[in-house]
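Bear in mind that the values here come from a model prediction, so they are computed numbers and not experimental data. Count residues from 1 along the sequence.
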Amino acid sequence: MLDRALSGGAPSPELRPVRVASAVDEVSDRLLTAIAVGDFLPGERLPVERELIQLLRVSRPTVREAVGRLQAVGVIEIRRGRNGGAYVRDSWTESSGAAVRRTLVPRWEEFEQLFDLRGLVEGMVAATAARRRRPEDLVPMRDALTAYLSASDPREAQAADSAFHRSVCDATHNPQITKLSRDLLARASLGFPVEPWGKGERTHFHQGGEDHKALYEAVAAGEPERAEEIARHHFTISADMIRDVLERVRNAGQS
């Protein structure tokens, strides 16, 4: 059942290759942490087997055993059928805290550097979009903003958020800028090119919506300095979500 459900899907940008003694431990820890920080939300399907093999550069048995561990601890469920696969059941179990510590703590200095770099780069992206945007570039940006503000659940908001930032990148009219933005997102999000979403807290959703509106207005008005400032501030939300998860497990470990 697990073998059949994990097949199919499309490739995505690579994760850094796994280079530890136990590849199964590393893969399962990375997936547990990605779920804990909200890269993948409850009800969402994980990347499929052949995608994980490509991204992690590990064998099929390694991926299957790691996914099986997540199923065993109740984080995911395996569904059969046309839309089958490994679907997230819960963002946190007893196994999550230890996995988060093992994944984030040894690399935390690097993560903080990436958060800083990402803010700088996304500020540049927004400023460039404000300088180069054409009237037709504003249409998908506005549509994504509307979709975000009307989202009925965190998964819809996450998808609209991704579409909004993709449209800002597209407005730079430089595919290399878009690639740089995507690569940095993946590096700062445990290798997955998905914005961390925490538990979908309303405070984060509200701040994101206000930032999106302000950023859209700055790009539309052709105000690069304002767009850069808004974007640099906006991308601290993702970094703060990951910091909050790390703080949670650190406090739990001291209690």
Side-chain angles (χ1 to χ4, degrees), residues 12-13 37-39 41 110-198 200-244:
S12 71
V37 302
D39 283 355
L41 297 167
E110 178 187 354
F111 275 110
E112 287 288 0
Q113 293 168 358
L114 287 169
F115 297 153
D116 179 52
L117 176 59
R118 192 169 181 228
L120 295 170
V121 169
E122 294 299 343
M124 176 273 292
V125 171
T128 304
R131 292 187 181 98
R132 296 180 180 178
R133 62 105 181 98
R134 301 167 186 167
E136 60 268 25
D137 295 325
L138 299 177
V139 176
M141 209 177 298
R142 188 166 54 246
D143 289 345
L145 173 59
T146 300
Y148 183 92
L149 296 175
S150 63
S152 61
D153 60 50
R155 283 190 293 157
E156 286 187 7
Q158 187 182 44
D161 177 81
S162 178
F164 180 82
H165 291 297
R166 187 166 56 249
S167 68
V168 174
C169 284
D170 290 343
T172 68
H173 297 280
N174 185 334
Q176 294 302 318
I177 291 178
T178 301
K179 183 177 184 299
L180 175 61
S181 174
R182 184 179 174 88
D183 288 349
L184 275 176
L185 169 58
R187 291 178 64 192
S189 301
L190 302 160
F192 297 98
V194 182
E195 208 71 58
W197 212 250
E201 294 90 339
R202 294 300 300 177
T203 53
H204 292 148
F205 171 80
H206 177 73
Q207 182 183 343
E210 292 299 309
D211 289 350
H212 287 180
K213 287 191 288 185
L215 183 54
Y216 170 79
E217 291 168 359
V219 171
E223 299 177 351
E225 291 80 10
R226 182 175 166 227
E228 179 177 9
E229 181 180 358
I230 293 166
R232 287 184 63 177
H233 177 263
H234 174 68
F235 281 94
T236 63
I237 298 175
S238 296
D240 286 344
M241 286 182 181
I242 298 177
R243 291 189 187 103
D244 288 348

Got a donor-acceptor contact below 3.5 angstrom from the [X] side chain to the [Y] backbone?
X      : Y      : answer
Asp240 : Ile237 : no
Gln158 : Glu195 : yes
Ser181 : Ile177 : no
Thr236 : His233 : yes
Tyr148 : Phe205 : yes

Taken to the nearest 0.5 Å, the spacing of Glu122 CD from Glu228 CD works out to 11.5 Å
As an exercise, state the distance from CG of Leu185 to CG of Asp39, rounded to the nearest 0.5 Å.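 Reported value, rounded in 0.5 Å steps: 8.0 Å.
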Would you confirm whether the ring centroid of Phe115 sits within less than 6.0 angstrom of the ring centroid of Phe235?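 Phe235 vs Phe115: aromatic centres not under 6.0 Å.
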Please evaluate residues His234 and Leu215 with respect to the criterion side-chain contact (heavy atoms from CB on, under 4.5 Å), reporting the C-alpha separation (whole Å), side-chain torsions for both, the decisive distance (0.1 Å), and the verdict. CA-CA 9 Å; His234 174 68; Leu215 183 54; 5.7 Å; no
Side chains of [X] and [Y]: does their closest heavy-atom pair fall under 4.5 Å?
X      : Y      : answer
Asp170 : Asp137 : no
His165 : Val125 : no
Glu217 : Glu223 : no
Val37  : Leu190 : yes
Arg118 : Ser238 : yes

Looking only at heavy atoms, which two atoms of [X] and [Y] are closest? And how far apart?
X      : Y      : value
Ser150 : Glu156 : O-OE1, 4.5 Å
Ala151 : Ala157 : CB-N, 3.5 Å
Tyr216 : Leu138 : CE1-O, 3.8 Å

Phe164 and His212 aromatic ring geometry - parallel, tilted or perpendicular at 30°/60° bounds: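 Judged by the thresholds at 30° and 60°, the geometry between His212 and Phe164 is parallel.
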Is Glu229 paired with Arg226 through a side-chain N to carboxylate O contact shorter than 4.0 Å?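 Glu229 and Arg226: not salt-bridged.
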